[in-house]
Amino acid sequence: MSTKFKLVAAVSAAALALAACGGGGDAGSGGTSPTNAASTGAFPVSVEHKYGTTEIKSEPKKVVTLGLSDQEPVLALGVKPVGVVDWFKERPFGNWPWTKDLWGSTQPEIVGERDEYNLEKVAALKPDLILAVYSGMKQEQYDTLSKIAPVVAQPKAFPDYAAPWQDQTLHIGRALGKEKEAQALIDGVAKKFGEAKAAHPEWAGKTMVVADSFKPGQYSAFAPTDPKAIFMKELGFTLVDEIGKLAGQMNVAEFSEERFDLLDADRLVWIMFDQSAWDRIKSVPAYQRLKVVSEKRDLFLTYMDPPIGAAMSFNTVLSVPYGIEQVVPLLEAIKN
């Protein structure tokens, strides 16, 4: 897919879409599930974002999500998007256990990958709302997509891809006329974190590093601003300040084996794609000498099978509870 927009074709398709705005769509066909948003006077609603303010005049019936994980808070709020972008090559309606039941038999159209959108596909779906909250949408893309339907872009208070899942959920909740429901979902996840934290007071004050490695000799530790590190902080652990300093404006601090001392925390969690990467790291002599390793306080999590790392990376109101459910027992098993 090209990042360039074919404006002539797009505007033509947009005209068709605009003519059909307000058209139907039920939950079974990928539209919204029944709600009382319109009857309770939720609309019109206005949502501020990076590129201005968008007014949604009536309850959306057909929603396209262009943010990498926007489909998940939308699903959590009872709406099945008709179009989505792909991120993990897993098809967003596919294998994730935390969304499988919510999608049911619905298969939304894949309208892009990351921030490359297929305008013709978007327009053909005739959406009446386009969401690009957890995204890197550019002004040109916003302007062009706005000819198809109202567009709610990323929150202006955060850099691209940096809105916390709470803000993402509220931002989307406002656009769907379901802000109270969105807040209730957020409160529910906060309760789960609170319960896990209260059940494990021994984690308070314990330092935690979350790391990964994609190839030999190159290692990364996630900065305190990264969702995977924040996840561990919410469980009561203390993040390592030096990693944040090394990361600077990046979400990771990169280092070689000479700085394995950065990993010697009270708990060390690796998130990687497969067992072979974990076996590679465990075979490094410098790694074997770390105290966190000799005392068996390190832990390997995979992005797939089970998708614990994916849940933490997606970092949504749906995936975070799954992550808590999976990670807490594994951390409990570390006794030192």
Side-chain angles (χ1 to χ4, degrees), residues 27 32-43 45-49 56 59-60 63 65 67-81 96-103 129 131 133-134 152 154-158 161-201 203-204 208 224-239 307-308 310-329 331-332:
T32 63
S33 59
T35 69
N36 62 359
S39 62
T40 57
F43 295 93
V45 296
S46 295
V47 184
E48 292 186 16
H49 52 77
I56 300 104
E59 180 186 3
V63 178
T65 61
L68 301 186
S69 58
D70 288 356
Q71 69 274 5
E72 297 203 355
V74 173
L75 277 172
L77 290 166
V79 177
K80 292 183 181 181
W96 302 137
W98 55 89
T99 59
K100 204 166 187 179
D101 289 343
L102 292 173
W103 280 117
L129 177 63
L131 296 169
V133 179
Y134 195 76
V152 174
Q154 53 268 50
K156 63 181 179 180
F158 304 98
Y161 306 112
W165 65 266
Q166 297 94 326
D167 293 88
Q168 178 196 32
T169 304
L170 275 178
H171 203 65
I172 288 172
R174 291 189 189 102
L176 296 177
K178 297 186 176 187
E179 191 167 0
K180 288 183 179 179
E181 293 93 326
Q183 187 60 58
L185 290 171
I186 293 167
D187 294 343
V189 178
K191 183 179 179 183
K192 290 181 183 296
F193 269 125
E195 289 171 347
K197 188 175 179 179
H200 297 283
W203 293 346
M208 164 70 74
T225 54
D226 185 88
K228 294 172 283 298
I230 294 171
F231 180 98
M232 294 300 179
K233 183 178 180 181
E234 292 288 347
L235 290 175
F237 292 98
T238 298
L239 303 178
I308 302 173
M312 295 170 66
S313 295
F314 257 74
N315 192 44
T316 71
V317 71
L318 288 179
S319 71
V320 168
Y322 174 87
I324 296 171
E325 177 185 311
Q326 297 293 315
V327 168
V328 167
L331 291 170
E332 288 173 338

Asker: For Ala175 versus Leu131, what's the shortest heavy-atom pair and its separation?
Answerer: CB-CD2, 3.9 Å
Asker: Gln154 and His49: side-chain donor and acceptor closer than 3.5 Å?
Answerer: no
Asker: Strictly by salt bridge (Lys or Arg N to Asp or Glu O under 4.0 Å), give each pair with a member in residues 165-175 just once, sequence neighbours left out.
Answerer: Arg174-Glu179
Asker: What residues, two or more places apart in sequence or in another chain, satisfy side-chain hydrogen bond (donor to acceptor under 3.5 Å, both in side chains) together with Lys197?
Answerer: none
Asker: Indicate the atoms forming the closest heavy-atom contact of Asp70 with Val133, along with that distance.
Answerer: OD2-N, 2.6 Å
Asker: Can you pull the side-chain hydrogen bond (donor to acceptor under 3.5 Å, both in side chains) pairs that have at least one residue in residues 318-329, sequence neighbours excluded?
Answerer: Thr316-Ser319
Asker: Can you sort out the partners of Ala76 under side chain to side chain contact (heavy atoms under 4.5 Å, CB included), two or more places apart, ordered by chain and number?
Answerer: Leu185, Val317, Leu318
Asker: Any side-chain heavy atom of Phe158 within less than 4.5 Å of one from Pro164?
Answerer: yes
Asker: Ignoring hydrogens, what is the shortest heavy-atom contact between Trp203 and Ala196? Give both atom names and the distance.
Answerer: CZ3-O, 4.4 Å
Asker: Determine whether a donor-acceptor pair (N or O, by modelled atom type, separation under 3.5 Å) exists between the side chain of Lys178 and the backbone of Leu77.
Answerer: yes
Asker: Sequence neighbours excluded, which residues qualify as side chain to side chain contact (heavy atoms under 4.5 Å, CB included) partners of Ala204?
Answerer: none
Asker: Does Asn315 reach the side chain of Lys228, with side-chain heavy atoms less than 4.5 Å apart?
Answerer: no
Asker: Would you indicate whether the side-chain heavy atoms of Pro224 and Ile230 approach each other to under 4.5 Å?
Answerer: no
Asker: Do the side-chain N and O atoms of Gln71 and Trp103 include a donor-acceptor pair separated by under 3.5 angstrom?
Answerer: no
Asker: Could you verify whether a donor N or O on one side chain and an acceptor N or O on the other, from Ser69 and Gln168, lie under 3.5 Å apart?
Answerer: yes
Asker: If you look at every heavy atom in His171 and Val47, which pair is closest and at what distance?
Answerer: CE1-CG1, 3.6 Å
Asker: Can you name the residues that form a side chain to side chain contact (heavy atoms under 4.5 Å, CB included) with Gln183, not counting sequence neighbours?
Answerer: Leu170, Ile186, Asp187
Asker: Mind checking whether Lys233 and Thr238 have side chains closer than 4.5 Å, heavy atoms only?
Answerer: no
